[in-house]
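Everything on this sheet refers to the single structure shown next.
Numbers for residues simply follow the sequence, beginning at 1. We count ligands from 1, going down the list as the structure has it; atoms in each ligand are counted the same way. Quick note: numbers below take in every heavy atom, side chains included, and nothing from hydrogens, waters or symmetry partners.
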Amino acid sequence: MAAARSSQGWGQNAERAVLVAVEFTGEWRKLTSAAQLARKAAAVSAESGHDQTAAATEPLARAVDLDFDASLAEFEELARSAGAEVASTLVQRRPRPDPATLVGQGKLEEIEGVIASTGADLVLFDHDLTPSQLRNLEAKLPCRVIDRTQLILDIFARHARTREGQLQVELAQLEYQLPRLAGRGKAMSQLGGGIGTRGPGETQLETDRRKINLRIDHVKEQLESVRRIRRQQRQRREAVPVPVVALVGYTNAGKSTLFNALTEAGVLESSRMFATLDPKLRQLQLPSRRKILLSDTVGFIRNLPHTLVTSFRATLEEVERAEILLHVRDASSLMMDEQKAQVEKVLGELDVTRKPVIEVLNKVDLLPNEQRSHLTGGLAVSGLKKMGLDELLAAIDEALVVDPLIRVKFRLPQSEGAILAALEAGAVLEKKQFEGNLVYVTARGPASLLNRFSRFRERS
Ligand SMILES: Nc1nc2c(ncn2[C@@H]2O[C@H](COP(=O)(O)OP(=O)(O)OP(=O)(O)O)[C@@H](O)[C@H]2O)c(=O)[nH]1
Ligand SMILES: [Mg+2]
């Protein structure tokens, strides 16, 4: 059971990891704002043979560092999310990756020295490794080597809560392992034994390619049947249509916290990244009394491995059928703009760019007052401190077009107590006046409700 590998169980015997962050100055990376310009400038000067640090102007150089530092901090947080204790972090900057070992020979020796002096159990690379790079590195280094995709898969494995989530992770892990089987004795013999080797379902994976292929087929079948059940459940739900509003955003932006604040529901929230792997749905009533289903989704992350984008599409199904998206952003993050670009890229891949989006600038409690007042481009809220929630609910009300709010005057016989009760429950009654055996009511609420009683409309 995946539950047996809960975070409490890990704490005491955390693996010690050496982190290796790499930055390839000649490599094209999609970045935004100043950091993007700075990087381009650096790349151009590298090509033209100038010393790039000297060529980049002072503020631009600082923008590069800021950006790199933030992504380094994110990498360390990812490592901790996987249960690792960071023994040391090394940085390598070079124009392009070494085809055989990603990092250069000198850096490799340095890594070896750090492993020896810290007694580390594994090396984590903040970059993807080709099958042959992985093989070469494992041959040269005295401990396990994990790349970025494997690390993220591992975190997903630890946080998968539903059967579907667990199956998806296992499938992605199996597909990742297949081309990397040859010569990976060190890692394969330890499956289930540590970071990069955990799977939500199966811990006794065989090294044999044929068996992995059989397992892949099996997982795919199970996945299909789980999905069939989910589709049926959704159809049942859709029989009573309630619009879905989905929270989307970069990992750690505060979606689950905001989701809880908005619904007061007990969905897991945690400082660990990817605390939410499976979509969570809760019903919520807006100020207009209209009901929505609020959906919490898995966080997006920079350079999400492509295998994951595909296998986690199903997890993002609620996003695809949502009426409105709430894009939750961490206003306190230095990477705010880059994160936004990454989220929009994934939304583009999901083909949902035409949906109305409410930009939510979260964690404003962390900003000094004067910075808070200069925030633009979204609604300032704090899910943690429950600030700005009324404004957010009102904005959702405003943006919801499916079942527009209308105002209707009714004239009801007092004997229609059930209708009056339905109006009171589902709409805002602006006027309610008893006259003889009649009730005069002015109601503002969802058209779907008010139109149901149009036979009692007051004709004037
Ligand atoms: N100060 C502050 N911290 C917040 C706020 N909202 C969330 N956090 C913290 O940010 C961390 C991440 O919050 P989550 O709600 O788990 O973030 P998430 O977007 O659901 O993350 P994933 O599910 O991993 O994508 C937690 O430690 C929260 O306590 C906020 O408004 N202010
Ligand atoms: Mg979450």
Quiz item: Hey, does V381 come in under 3.5 Å of ligand 1, counting only N/O atoms on both sides?
Solution: no

Quiz item: Any idea which atoms of ligand 1 are less than 4.0 Å away from a heavy-atom of A253?
Solution: 19 (O)

Self-check item: Any G249 heavy atom less than 4.0 Å from ligand 1
Solution: no

Quiz item: What about G254: any of its N or O atoms under 3.5 Å from an N or O on ligand 1?
Solution: yes

Quiz item: Side chain, backbone, both or neither: which part of D330 comes within less than 4.0 Å of ligand 1 when only heavy atoms are counted?
Solution: neither

Quiz item: Does a donor on one side chain sit under 3.5 Å from an acceptor on the other, for E76 and T89?
Solution: yes

Quiz item: Can you tell me if Q92 uses its side chain to pair, donor with acceptor, with the backbone of G104 under 3.5 Å?
Solution: yes

Quiz prompt | Per-atom contacts of ligand 1 with K255, taking only distances under 4.0 Å to non-hydrogen atoms | solution = 15 (O), 17 (O), 18 (P), 19 (O), 20 (O), 21 (O), 22 (P), 25 (O)

Quiz item: Is K255 salt-bridged to D296, going by a charged N under 4.0 Å from an acidic O?
Solution: no

Quiz item: Below 3.5 angstrom, do we get any N/O pair linking N252 and ligand 1?
Solution: yes

Quiz prompt | Within reach of ligand 1, part of D365 (heavy-atom separation under 4.0 Å) | solution = side chain

Exercise. Under 4.0 Å from a heavy atom of S382: give me the atoms of ligand 1 that qualify, with their elements.
Key: 30 (C), 31 (O), 32 (N)

Quiz item: More than 12 non-hydrogen atoms from neighbouring residues, nucleotides or ligands closer than 6.0 Å to NZ on K355, yes or no?
Solution: yes

Practice problem: Only heavy atoms count here, so choose which of D296, V364, T251 is nearest to atom 22 (P) of ligand 1. | Solution: T251

Self-check item: Contacting atoms of ligand 1, where contact means under 4.0 angstrom from a heavy atom of G299
Solution: 25 (O)

Quiz item: So how far is it from L153 CG to I146 CD1, rounded to the nearest 0.5 Å?
Solution: 10.5 Å

Quiz item: Going by atom types alone, do D147 and T149 pair a side-chain donor with an acceptor below 3.5 Å?
Solution: no

Quiz item: Is it true that K220 and E224 make a salt bridge, defined as a side-chain N closer than 4.0 Å to a carboxylate O?
Solution: no

Quiz item: Taking 2.8 Å as the cut-off, does an N/O/S atom of T297 lie below it from the Mg ion (ligand 2)?
Solution: no

Practice problem: Check each atom of ligand 1 against the heavy atoms of S256 and keep those under 4.0 Å away; list them by number with element. | Solution: 15 (O), 18 (P), 20 (O)

Self-check item: Which residues share a side-chain hydrogen bond (donor to acceptor under 3.5 Å, both in side chains) with E110, sequence neighbours left out
Solution: K107

Quiz prompt | Check ion pair R144-E138 (N to O, under 4.0 angstrom) | solution = no

Practice problem: For L366, take its heavy atoms, then give the atoms of ligand 1 lying under 4.0 Å from any of them. | Solution: 1 (N)

